[in-house]
Q: 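If you scroll down you'll find the structure; I have some questions about it.
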Amino acid sequence: VQLQASGGGLVQAGGSLRLSCAASGRTISSYAMGWFRQAPGKEREFVAAITWSSSKTYYADSVKGRFTISRDNAKNTVYLQMNSLKPEDTAVYYCAAGRLIDHMNEYEYDYWGQGTLVTVSS
């Protein structure tokens, strides 16, 4: 599975962005999908995840209520809608796919995209 993340950019605090992660090479319909981010000088951290069937979603406490993960298996794409953005959301955002148990554990994901940069100005 090849993953291509897009949609990053520069936005003012309070603004919104929608990230997309397009998959190719194989259907992602049987994979859980996740978003992670890495800010400069920090470890990569979990942001959000969705089960293969979209029956459950998971969020980091820092983004709960502001970010929404969704997927369209027909388009082989997963999305991350980010609202009420804060400067501390500035990071490179990565999408990932895997058949896993712990959706928040990055080590359980098998495939990773290249990342898209989100910069939130104050």
Q: Is there a path of hydrophobic side-chain contacts, each under 4.5 Å between heavy atoms, that joins L100 and M104?
A: yes
Q: Give every residue pair that meets the side chain to side chain donor-acceptor pair (under 3.5 Å) criterion with at least one member in residues 4-23, sequence neighbours excluded.
A: S16-N83
Q: Name all pairs fulfilling the side chain to side chain donor-acceptor pair (under 3.5 Å) condition that reach into residues 112-122, sequence neighbours left out, sorted by first residue then second.
A: none
Q: Name all residues meeting the side-chain contact (heavy atoms from CB on, under 4.5 Å) criterion together with S55; count only those two or more places apart in sequence or in a different chain, and write none if there are none.
A: T51, S53
Q: Which heavy atom of H103 sits nearest a heavy atom of I101, and at what distance?
A: ND1-O, 3.3 Å
Q: Starting at CD of E108, measure out to CZ of R99 and round the result to the nearest 0.5 Å.
A: 14.0 Å
Q: Does any pair with a residue in residues 62-73 pass salt bridge (Lys or Arg N to Asp or Glu O under 4.0 Å), and if so which ones, sequence neighbours excluded?
A: D61-K64, R66-D89
Q: With rounding to the nearest 0.5 angstrom, report the OH to OG distance, Y79 to S70.
A: 7.0 Å
Q: Who are the side-chain contact (heavy atoms from CB on, under 4.5 Å) partners of E45, not counting sequence neighbours?
A: R37
Q: Could you state the interatomic distance from CG (L10) to CG (L117), rounded to the nearest 0.5 Å?
A: 9.0 Å
Q: Taking the hydrophobic residues Ile, Leu, Val, Met, Phe, Trp and Tyr, and joining any pair whose side-chain heavy atoms are under 4.5 Å apart, which ones share a cluster with L85?
A: V1, L3, V11, L17, L19, I28, Y31, M33, W35, V47, I50, Y59, V63, F67, I69, V78, L80, M82, Y93, Y111, V118, V120
Q: Give the minimum heavy-atom separation between Y109 and A49, together with the two atoms involved.
A: OH-CB, 3.5 Å
Q: Is D110 reaching over with its side chain to a backbone N or O of A97, donor-acceptor style, under 3.5 angstrom?
A: no
